[in-house]
Amino acid sequence: MSKTALITGASKGIGKEIAITLSKEGYNIALNYRKENEELLKLKEDIEKNNVKCLLIQGDVSNFEDCERFVKETIQEFENIDVLVNNAGITKDMLLMRMKKEDFEDVIDINLVGTFNVTKNVIQYMLKARAGRIINISSVVGISGNAGQTNYSASKAGIIGFTKSLAKEVASRNILVNAIAPGFIKTDMTEVLSENVKEEIQKNIPLKRIGEAKDVANLVKFLSSEESSYITGQVINVDGGMLM
Ligand SMILES: NC(=O)c1ccc[n+]([C@@H]2O[C@H](COP(=O)([O-])OP(=O)(O)OC[C@H]3O[C@@H](n4cnc5c(N)ncnc54)[C@H](O)[C@@H]3O)[C@@H](O)[C@H]2O)c1
């Protein structure tokens, strides 16, 4: 039976690169997206050029019923989920003084509760299979904190606690749970920052370059593979040395 990877928020950015990378490793892809866009069908086609299937699964990760439905759709199509990548995420940056309650809640609901919603629906199949890999996309600011990101940092720190606790719960069933903490990666999420801010950030990265989605996808590939079978409960930074 061929292997399956479910990736949330995978219509663009880091998630899209993870989907493409895992398809090249022979995984069928269940590609979660929230809103249809014109590039989605082209992405499905590109993925299927790697001789795998790509199932597009619509759903908002902050909605538990959506997650229940799209996980069922994935199981109906592929029978199992070998790798889950909780990647969907948003930012709504603002100093706490001016942050609206909704902006705090939205970020927690999508980034942290979304990770729970999808994992909760997937874990039963991994437990039955006595195998699985769960890879949660956190952030270096979940470790270091960052002014203007109390909501986002809290959600990403929460993901780290979630990862370590779940890793302990399911290790005996051969399910490995790890988190990736990217630093500054070139995607739409970081595109909104001014050139000055980006230059300033780049100066503080020891490797002197802004990361690419591929840098994160390569680690997901490793954490999905047999080569990483003795690694669980870890948070691995992909940040050019930004946070040491
Ligand atoms: N870009 C960076 O520098 C950086 C750094 C650290 C962590 N991250 C994390 O990496 C992940 C991917 O971010 P990105 O940089 O590719 O950003 P992005 O904005 O390009 O992509 C985010 C994806 O998540 C999806 N998404 C948002 N809300 C959703 C919801 N409710 N349900 C389903 N999908 C939803 C979006 O549609 C999009 O496809 C996020 O979790 C982000 O926090 C990014």
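These figures come from a predicted structure and were not determined experimentally. Count residues from 1 along the sequence. Keep in mind that the numbers below use all heavy atoms, side chains included, and drop hydrogens, waters and symmetry copies. Both counts, for ligands and for their atoms, begin at 1 and track the order of listing.
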Please state which protein non-hydrogen atom is closest to [atom] and give its distance, to 0.1 Å?
atom: atom 14 (P) of ligand 1; result: T187 OG1, 3.5 Å
atom: atom 42 (C) of ligand 1; result: Y152 OH, 3.4 Å
atom: atom 18 (P) of ligand 1; result: K12 NZ, 3.7 Å
atom: atom 41 (O) of ligand 1; result: N87 O, 2.7 Å
atom: atom 17 (O) of ligand 1; result: M189 CB, 3.5 Å
atom: atom 22 (C) of ligand 1; result: G89 O, 3.7 Å
atom: atom 26 (N) of ligand 1; result: A88 CB, 3.9 Å
atom: atom 32 (N) of ligand 1; result: V61 N, 3.0 Å

Against heavy atoms of [X], which atoms of ligand 1 measure under 4.0 Å?
X: G13; value: 16 (O), 20 (O)
X: N32; value: 33 (C), 34 (N)
X: I137; value: 9 (C), 10 (O), 11 (C)
X: T190; value: 1 (N), 2 (C), 3 (O)
X: G183; value: 3 (O), 5 (C), 6 (C)
X: G59; value: 32 (N), 33 (C)
X: I90; value: 27 (C), 28 (N)
X: S139; value: 6 (C), 7 (C)

Tell me the contacting part of [X] for ligand 1: side chain, backbone, both, or neither, using a 4.0 Å heavy-atom threshold, strictly below.
X: S138; value: backbone
X: K186; value: neither
X: D60; value: both

Any K35 heavy atom less than 4.0 Å from ligand 1: no
Does the residue G114 have a heavy-atom contact with ligand 1, meaning some pair of atoms that are separated by less than 4.0 Å? no
Carboxylate-amine/guanidinium proximity below 4.0 Å for [X] and [Y]:
X: R69; Y: E65; answer: no
X: E48; Y: K44; answer: yes
X: K198; Y: E195; answer: yes

What's the shortest heavy-atom distance between N151 and D103, and which atoms? ND2-O, 3.2 Å
Specify the closest pair of heavy atoms between I137 and I159, including all atoms of both residues, with the distance to one decimal. O-CD1, 3.8 Å
If you count heavy atoms of other groups shown closer than 6.0 angstrom to [atom1] of [X], is the number above 12?
X: K208; atom1: NZ; value: yes
X: K164; atom1: NZ; value: no
X: K72; atom1: NZ; value: no

Is it the case that ligand 1 has an N or O less than 3.5 angstrom from some N or O of I14? yes
For A10, is at least one N or O under 3.5 Å away from an N or O on ligand 1? no
Heavy atoms, side chains only, cut-off 4.5 Å: are V220 and F222 in contact? no
Checking R133 side chain against I175 main chain: does a donor-acceptor pair fall under 3.5 Å? no
Are any non-hydrogen protein atoms located under 4.0 Å from atom 36 (C) of ligand 1? no
Single-linkage hydrophobic cluster, 4.5 Å side-chain cutoff, I160 and V140 together: yes
Is there a side-chain hydrogen bond (donor to acceptor under 3.5 Å, both in side chains) between T163 and N136 once you walk through the steps? CA-CA 7 Å; T163 299; N136 297 322; 3.0 Å; yes
When I81 is tested against each of I123, L6, N121 for side-chain contact (heavy atoms from CB on, under 4.5 Å), which residue passes? L6
Taking atom CD of E191 and atom NZ of K186, what is their separation to the nearest 0.5 Å? 4.5 Å
